[in-house]
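Atoms within a ligand are numbered from 1 in the order they appear, just like the ligands themselves. Values in this document were obtained by computation on a predicted structure and should not be read as measured data.
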Amino acid sequence: MPASYSAADMGVADFGGGPEVGHGHGGHGGVPAASVSVTELVADQTRAPDVRVEVVARFDGERYTLDGATPGPVIRARQGDLVEVVLRNESVPDGATLHWHGMEVPNAMDGVAGVTQDAVGVGESFTYRFVADRAGTFWYHSHQVSHIQVVRGLFGAVVVEPVSGLGVLDEVVLLHTYPGSSRTMNGVPEIVRPVAEGDAVRVRLANTDNVPTVAWVSGASYRVVAVDGYDLNGPGLVDGQKVTVTAGGRVDLEVVVPAGGVRVQVPGASLALAAGGVAPTGPAPSVWLDLLSYGTPAALGFDPAVPDRRFVYDIGRLPGFLDGLPGWWWTINGRIVPHQPMYMVSEGDVVVMKISNASGEVHPMHLHGHHMVVLARNGVAASGSPWWVDSLHVEHGESYDVAFVADNPGVWMDHCHNLIHAREGLMTHLMYTGIDTPFRLGHSTGNVPE
Ligand code: C2O
Ligand code: CU
């Protein structure tokens, strides 16, 4: 890997059968297009913020904190609010950023060091501004040396409430395993929340770890009301089943508290919704809830049947060299970074992608700036609620057909959210034609997003 390079020049352009329009550096061939810098892709600069938060990032030699704590502060907004967050780096030596995981922010606000901004150095600050246009559960984390900074604490939750109000109680729960500890919920092994019998509670689970986990409910049935910030359509009552919460993913569960209380559990941690101070505990069910057939179908809002571009994201593993280091590296379509495909799209394209995994390990695949709807798994068509994801759990041996509309111009990472795997080369970008970035990655630049 060069000491300094542009994300726009990474990889081998893959136009997915669509028009081969070039972009800023012309490095990918095709017709050069007028180029727009990612720095121009911002929210309305004249609008005053509805929510304004300042957070101070620090490193104490072991943990990374925001405002002295990990997780950092919960950022709460209403749908449509303009959110402004100022990140001040007091003492994170490598610099830091904030990435808004699952939020479709303008590209300049995406927080990827070396792609959409420079890492924020000690003594510096960066202001993020975006409209929270979707109600749901999201999270934020550093995207500078993320395989270390996230694991060691530099993250927090974002909750966007619907304009009409939620109508139920809610509790946001970040699942995280700090080095040397067991799994926590918001940093502790158990949260006890006193509630009354009959209260409905929406539990917003977000998995901030590198590995997937499962959640289940003891003492009551539940509904999965949202995944990755998208409400599900017609979610039925679930009993005796566990649900996967993939790395980076969110699952919102809704429970109605019975007289004896109820407990939302993950391995090693739990949330007691305690009526009268008690809540039952139970073992994990052996049966998984399958989101492919859960809920009832509804219109997608676009037609994936005749896509403008069709991509393959085939994950494998091969011996080879990555940045000069010999290893057993992840591959995309058989190639090791930087020879992986760069997925090229134009604004407005309907895109279909087949993500398959024959690499021997599970990968939680995360696309920035967009949500993908699951069309099929292993060739079996989705038959339940539209299942929109930004973080997709792809087991070894599985393949998913997903679709999305390219409606948010920029340079967007598309990577495994096991951040160690991203570091090991399981990353590429979704690149819009006509977009360029002035930021640089590489050893000499100080920007190391993975
Ligand atoms: Cu949550 Cu590219 O990351
Ligand atoms: Cu992975």
Side-chain angles (χ1 to χ4, degrees), residues 7 10 71-72 96-105 107 109-117 119 128 137-151 153-158 174-176 206-212 228-229 244-250 313-318 322 327-332 336-337 340 343 355-372 389-398 400 408 410-431 441 447-450:
M10 276 186 89
T97 66
L98 296 180
H99 164 63
W100 308 94
H101 185 118
M103 302 190 83
E104 288 158 9
V105 302
N107 195 225
M109 302 291 110
D110 198 40
V112 180
V115 180
T116 64
Q117 67 173 99
Y128 297 91
T137 308
F138 306 94
W139 65 296
Y140 60 88
H141 61 79
S142 182
H143 224 308
Q144 163 74 351
V145 202
S146 56
H147 77 289
I148 294 172
Q149 294 190 4
V150 179
V151 175
L154 222 167
F155 63 91
V158 183
L174 298 178
L175 308 174
H176 195 79
N207 184 358
T208 62
D209 279 332
N210 281 331
V211 292
D228 287 2
T244 296
V245 190
T246 204
R250 285 85 61 218
Y313 196 130
D314 187 3
I315 305 160
R317 207 167 191 187
L318 281 176
L322 174 62
W328 180 238
W329 302 113
W330 308 110
T331 57
I332 305 172
I336 297 170
V337 162
Q340 83 283 17
Y343 299 109
I355 305 173
S356 49
N357 176 4
S359 70
E361 287 190 32
V362 62
H363 301 291
M365 298 308 299
H366 175 50
L367 173 61
H368 287 209
H370 301 74
H371 278 74
M372 315 174 274
V389 293
D390 55 63
S391 307
L392 181 64
H393 182 86
V394 188
E395 294 276 357
H396 169 74
E398 281 186 337
Y400 277 89
N408 194 7
V411 187
W412 301 99
M413 285 191 82
D414 189 357
H415 65 95
C416 179
H417 220 280
N418 182 326
L419 299 168
I420 312 276
H421 293 178
R423 174 88 178 146
E424 294 167 346
L426 192 35
M427 57 78 57
T428 185
H429 297 89
L430 177 73
M431 174 89 203
L441 298 146
N447 291 318
V448 188
E450 290 86 22

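- Metal site remark for atom 2 (Cu) of ligand 1: H415 contributes an N, O or S atom at a distance under 2.8 Å.
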Ring pair (Phe, Tyr, Trp, His ring centres under 6.0 Å) between H368 and H143, worked out: CA-CA 12 Å; H368 287 209; H143 224 308; 5.1 Å; yes
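- The Cu ion (ligand 2) lies at 2.8 Å or more from every N, O or S atom belonging to H417.
- Checked by atom type, the side-chain pair E398/H396 shows no donor-acceptor distance below 3.5 Å.
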Test log, rule ring pair (Phe, Tyr, Trp, His ring centres under 6.0 Å), inputs W100 and Y128: CA-CA 10 Å; W100 308 94; Y128 297 91; 5.7 Å; yes
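- Counting backbone and side-chain atoms alike, H141 contributes an N/O/S atom closer than 2.8 Å to atom 1 (Cu) of ligand 1.
- When distances from atom 1 (Cu) of ligand 1 to the N, O or S atoms of H101 are compared, ND1 comes out shortest.
- Between W330 and H421, the two ring planes are tilted [angle within 30° to 60°].
- Within the coordination shell of atom 2 (Cu) of ligand 1, defined by N, O or S atoms under 2.8 Å, H368 is present.
- Looking only at atom types and distance, the side chain of D414 has no donor-acceptor partner in the side chain of H366 under 3.5 Å away.
- In terms of distance to the Cu ion (ligand 2), the nearest N, O or S atom of H421 is named ND1.
- Among H101, H99, Q117, the one residue that satisfies the side chain to side chain donor-acceptor pair (under 3.5 Å) test with D110 is H99.
- Of all N/O/S atoms in H363, ND1 sits nearest the Cu ion (ligand 2).
- Using a cut-off of 2.8 Å, one finds that H417 contributes an N/O/S atom close to atom 1 (Cu) of ligand 1.
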